[in-house]
Number of protein chains: 2
Amino acid sequence: MAVTMRDVAEKANVSIKTVSRVVNNQGEISETTRQRVLDAIRQLGYRPNIVARGLASGRTASVALIIPQITDPFFPELVLGVESVAHRQGYSVFLCNTNEDPQQELDYIDILSGKQVDGIILCGSRLDAEQLSAVATRHHVAILTSRRPAHAAVVSIPGRTGLRRMTSHLAELGHRKIGYVGLYWPGDQERLQGYYDGLAAHGIGANDRYVRMLPTITVDLARHMTRDLLHAAPEITAIACYNDLAALGVMQAAASLGRKAPEDLAVVGFDDIPLASLVSPQLTTMHVPKYMLGQMVMDLLLKVIAAKGDYEEHAYVELRMIVRESCGAKNRLPVG
Amino acid sequence: MAVTMRDVAEKANVSIKTVSRVVNNQGEISETTRQRVLDAIRQLGYRPNIVARGLASGRTASVALIIPQITDPFFPELVLGVESVAHRQGYSVFLCNTNEDPQQELDYIDILSGKQVDGIILCGSRLDAEQLSAVATRHHVAILTSRRPAHAAVVSIPGRTGLRRMTSHLAELGHRKIGYVGLYWPGDQERLQGYYDGLAAHGIGANDRYVRMLPTITVDLARHMTRDLLHAAPEITAIACYNDLAALGVMQAAASLGRKAPEDLAVVGFDDIPLASLVSPQLTTMHVPKYMLGQMVMDLLLKVIAAKGDYEEHAYVELRMIVRESCGAKNRLPVG
DNA sequence: TTGTACGCGTTATCAT
DNA sequence: ATGATAACGCGTACAA
């Protein structure tokens with residue numbers, strides 16, 4: 001089998017405990033025995049067994065990262081951010097895709113707490129605030145969500161502020177008939193509210209006919225719904241979107257109706273996924289620092305772990321508007 | 001602390017072993033005691049400690065998935081494929097980004113074998129065939145690579161065949177001056193060879209001036225190099241690419257030089273990443289079933305684990321050409 | 001069908 | 001500064 005501490009101890013003529021001390025740099029040890037142990041370790045090629053350490057110490061140096069879908073272009077960067085700080089701190093990360101299913105989410109929490117992970121990160125959870133709260137009391141958890149679970153460590157994207165700014169941008173370009181293509185998600189209408197805020201800030205009345213809410217956001221669905229929207233209300237000159245994927249669908253719908261963005265329809269997205277700058281016209285959008293977001297939640301989780309679960313905080317990430325082509329600002333078009 | 005088998009055993013008035021038997025569905029147990037134990041488990045909310053089980057049994061029900069970069073659009077789907085079969089078989093997966101650094105790769109292998117993972121999946125490894133071979137003898141490993149490590153379980157993408165077919169496609173559309181934008185990767189010129197194969201199959205002589213090899217593939221780099229290429233050899237009418245990201249850069253370069261794809265320059269990619277059908281013109285490319293690929297490597301790893309490392313196989317995934325817009329086939333343009 | 005006792009590799013509590 | 005020994009929670013011979 002693998003070489004253990006006992007083997008090292010025998011080879012170095014010391015006790016197991018001494019080996020343990022050397023491996024973990026703890027306690028005072030004479031330099032000579034220290035070197036002797038180190039030599040034995042090197043010669044035998046000893047590697048500590050983290051599982052055994054986990055059983056004895058209760059710490060596994062592993063965390064779980066639970067996300068809805070790694071194929072959603074929002075998440076890869078975030079995952080990378082989480083992993084970077086995790087790795088730097090000696091943690092490994094279990095990746096768990098819930099497929100946007102709350103039950104799978106719960107299942108994963110169960111399974112991984114059984115594997116004694118030191119902490120769990122929940123991103124874009126489909127659980128409601130109460131469930132999240134409950135999970136947070138039972139486990140060491142950091143959450144990325146727009147909900148407001150009580151007594152938890154959470155970081156949020158200020159979606160309401162963000163969409164107010166994007167909508168205002170459109171209004172300031174002269175648009176008055178501004179539509180919205182969003183996500184219908186019970187218990188979270190942050191971004192929709194931001195859209196309304198933006199309209200109100202410019203004295204534009206809200207019009208339900210200008211709004212389409214999708215059960216889930218895909219480019220195809222956004223395209224279909226937007227075709228419908230533009231048929232029902234062709235007077236719309238601009239559309240704000242829940243995110244970039246929706247914005248892409250909106251632009252495709254416009255193109256299919258012979259309306260060119262941004263001249264015939266201004267479009268703004270949200271998130272600034274990699275695609276946003278690769279499509280034509282390039283998407284004006286709200287940049288969400290996804291990598292940093294990942295770092296933030298992992299940092300948060302570290303605090304929760306250090307405080308043995310007794311840590312609360314609600315942080316917000318900063319947004320930055322990226323004006324590209326799809327909104328028409330670059331051409332300063334007068335809009336009727 | 002958490003509730004253990006002992007607690008359950010006491011509550012149910014049985015021995016620990018009996019509880020163990022119930023939990024693992026092994027051995028004959030009278031239905032009455034079985035129910036008694038099950039009740040106790042439910043009442044106490046007992047969850048087996050996988051770490052302890054791992055120490056005792058040597059199996060942790062965890063595997064490591066090592067990839068170069070989750071932000072590379074090729075990988076999210078693959079990761080999902082791996083996770084789907086892993087999860088179905090009761091395994092959790094550690095995600096490890098090596099940042100394309102062979103040293104980090106080796107480090108991760110070390111760390112995770114220390115965590116006693118039952119197996120390791122290596123994708124797009126930056127290690128050479130010999131190193132891979134060495135890793136495979138020391139650990140339970142399944143590899144996705146175009147290299148040919150000895151005595152290992154590997155699945156490959158037939159890149160040479162694939163690029164031959166893409167290049168042939170261009171030749172069959174009438175192109176004779178066909179360029180190639182590829183990746184320079186010591187020890188693997190599969191796709192470049194396929195490009196040459198395609199030319200040869202149509203009696204077209206190879207011309208080094210038509211080839212650009214990038215040290216790493218990014219859209220920006222591909223754009224720059226392609227501008228250079230098209231300046232040096234403006235007579236080129238078509239370009240085959242190592243992958244879709246490169247193809248994107250090629251199309252951008254063409255556009256920036258006033259050459260419209262596909263009319264003024266036919267372009268074909270490889271991989272069929274999600275972007276391929278979202279950009280305009282849509283990319284003609286070789287579809288690589290990434291989700292299935294993930295399932296294949298994980299299946300392979302399961303075999304390796306079951307065989308205790310004594311398992312070799314070299315599987316190939318099937319490719320499918322997707323003709324979209326960027327190659328010009330749809331318009332049947334005569335090319336001079 | 002069920003139970004006893006030991007081992008897995010490490011940490012942690014005492015001593016010395 | 002170093003060592004003996006008991007946990008940690010579960011699997012597994014071997015018994016009964």
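To find a chain, count down the sequence lines: A is the first, B the second, and so on, and within it residues start at 1. The model shown is predicted, which means the values in this text are computed figures rather than measured ones.
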Q: For A:Y108 together with B:H87, are the ring centres under 6.0 Å from each other?
A: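 So the answer is yes for these two rings.
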Q: Counting only side-chain N and O atoms of B:S30, is one of them less than 4.0 Å from OP1 or OP2 of C:dT2?
A: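 Yes, within the criterion.
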Q: Where the side chain of B:A52 is concerned, which of C:dC14, D:dG9, C:dT2 is the nearest nucleotide?
A: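 Of the options given, the side chain of B:A52 lies nearest D:dG9.
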Q: Tell me the interatomic distance from A:N25, atom CG, to C:dT11, atom P, rounded to whole angstroms.
A: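 Distance, rounded to whole Å: 12 Å.
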Q: Establish whether the base of C:dG3 is bridged to the side chain of B:R21 by a donor-acceptor pair shorter than 3.5 Å.
A: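 By the distance-only test, yes, there is a pair.
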Q: How close or far is atom P of D:dA16 from atom NZ of B:K17, stated in whole angstroms?
A: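 One finds 17 Å between P of D:dA16 and NZ of B:K17, rounded.
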Q: Name the nucleic acid region contacted by B:V14, choosing base, sugar-phosphate or nothing; use a 4.0 angstrom heavy-atom cut-off, strictly under.
A: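 Sugar-phosphate: the residue B:V14, judged by heavy atoms under 4.0 Å, touches backbone atoms but no base.
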Q: Can a donor-acceptor pair be found, under 3.5 Å and without considering hydrogens, that links the side chain of B:N49 to the backbone of B:V51?
A: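 Indeed, once roles are kept as given, a pair shorter than 3.5 Å links the two residues.
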Q: Please determine, by modelled atom types, if A:H151 and A:T137 share a side-chain donor-acceptor pair under 3.5 angstrom.
A: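 There is no such pair (donor and acceptor under 3.5 Å, judged by atom type) between the side chains of A:H151 and A:T137.
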Q: What nucleotide, of C:dT2, C:dT10, D:dG11, holds the atom closest to the side chain of B:R53?
A: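 Output: D:dG11.
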Q: Any donor-acceptor pair under 3.5 Å linking the side-chain atoms of B:E318 with those of B:Y316?
A: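 No pair is found: no donor N or O on one side chain lies under 3.5 Å from an acceptor on the other.
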Q: From the list C:dC8, C:dT2, C:dT11, which nucleotide is the closest neighbour of the side chain of B:A56?
A: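 The answer is C:dC8.
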Q: Is the shortest side-chain N/O distance from A:N49 to OP1 or OP2 of C:dC8 below 4.0 Å?
A: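 False: A:N49 side-chain N/O out of range (4.0 Å or more) of C:dC8 OP1/OP2.
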Q: For D:dG3 and A:S15 - does any side-chain N or O of the residue sit under 4.0 Å from the phosphate oxygens OP1/OP2?
A: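 For D:dG3, OP1 or OP2 has a side-chain N or O of A:S15 closer than 4.0 Å.
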Q: Output the rounded distance in Å from CD1 (B:I29) to C1' (C:dG3).
A: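 Rounded to the whole Å, the gap is 12 Å.
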Q: Using heavy-atom distances to pick each residue's nearest nucleotide on DNA chain C, tell me which of A:P48 and B:T18 is more 5'.
A: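 Counting from the 5' end, the first nearest nucleotide belongs to B:T18.
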Q: Rounded to whole Å, please give me the gap between CD in B:E10 and C1' in C:dT2.
A: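 Rounding to the nearest Å, CD of B:E10 and C1' of C:dT2 are 17 Å apart.
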Q: For the OG atom of B:S133 and the CG atom of B:L127, what is their distance to the nearest 0.5 Å?
A: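 Answer rounded to 0.5 Å: 11.5 Å.
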Q: Between A:S20 and C:dT11, is there a side-chain N or O to OP1/OP2 distance below 4.0 Å?
A: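 For C:dT11, OP1 or OP2 has a side-chain N or O of A:S20 closer than 4.0 Å.
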Q: For A:R36 and D:dT2, give me the distance from atom CZ to atom C1', rounded to whole Å.
A: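 Nearest whole value for this atom pair: 11 Å.
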Q: Please report, rounded to the nearest Å, how far the C1' atom of D:dT2 is from the CG atom of A:N13.
A: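 In whole Å, D:dT2 C1' lies 13 Å from A:N13 CG.
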Q: Between C:dT10 atom P and A:I50 atom CD1, what is the distance in whole Å?
A: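 Atom CD1 in A:I50 sits about 9 Å away from atom P in C:dT10.
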Q: Separation of B:L55 atom CG from D:dC8 atom C1', in whole Å?
A: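 Checked: the CG to C1' distance equals 9 Å.
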Q: Whether A:T33 contacts D:dT2 is assessed here as follows: a side-chain N or O lying under 4.0 Å from the phosphate OP1 or OP2. Is that the case?
A: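 It does, given that an N or O in the side chain of A:T33 lies less than 4.0 Å from OP1 or OP2 of D:dT2.
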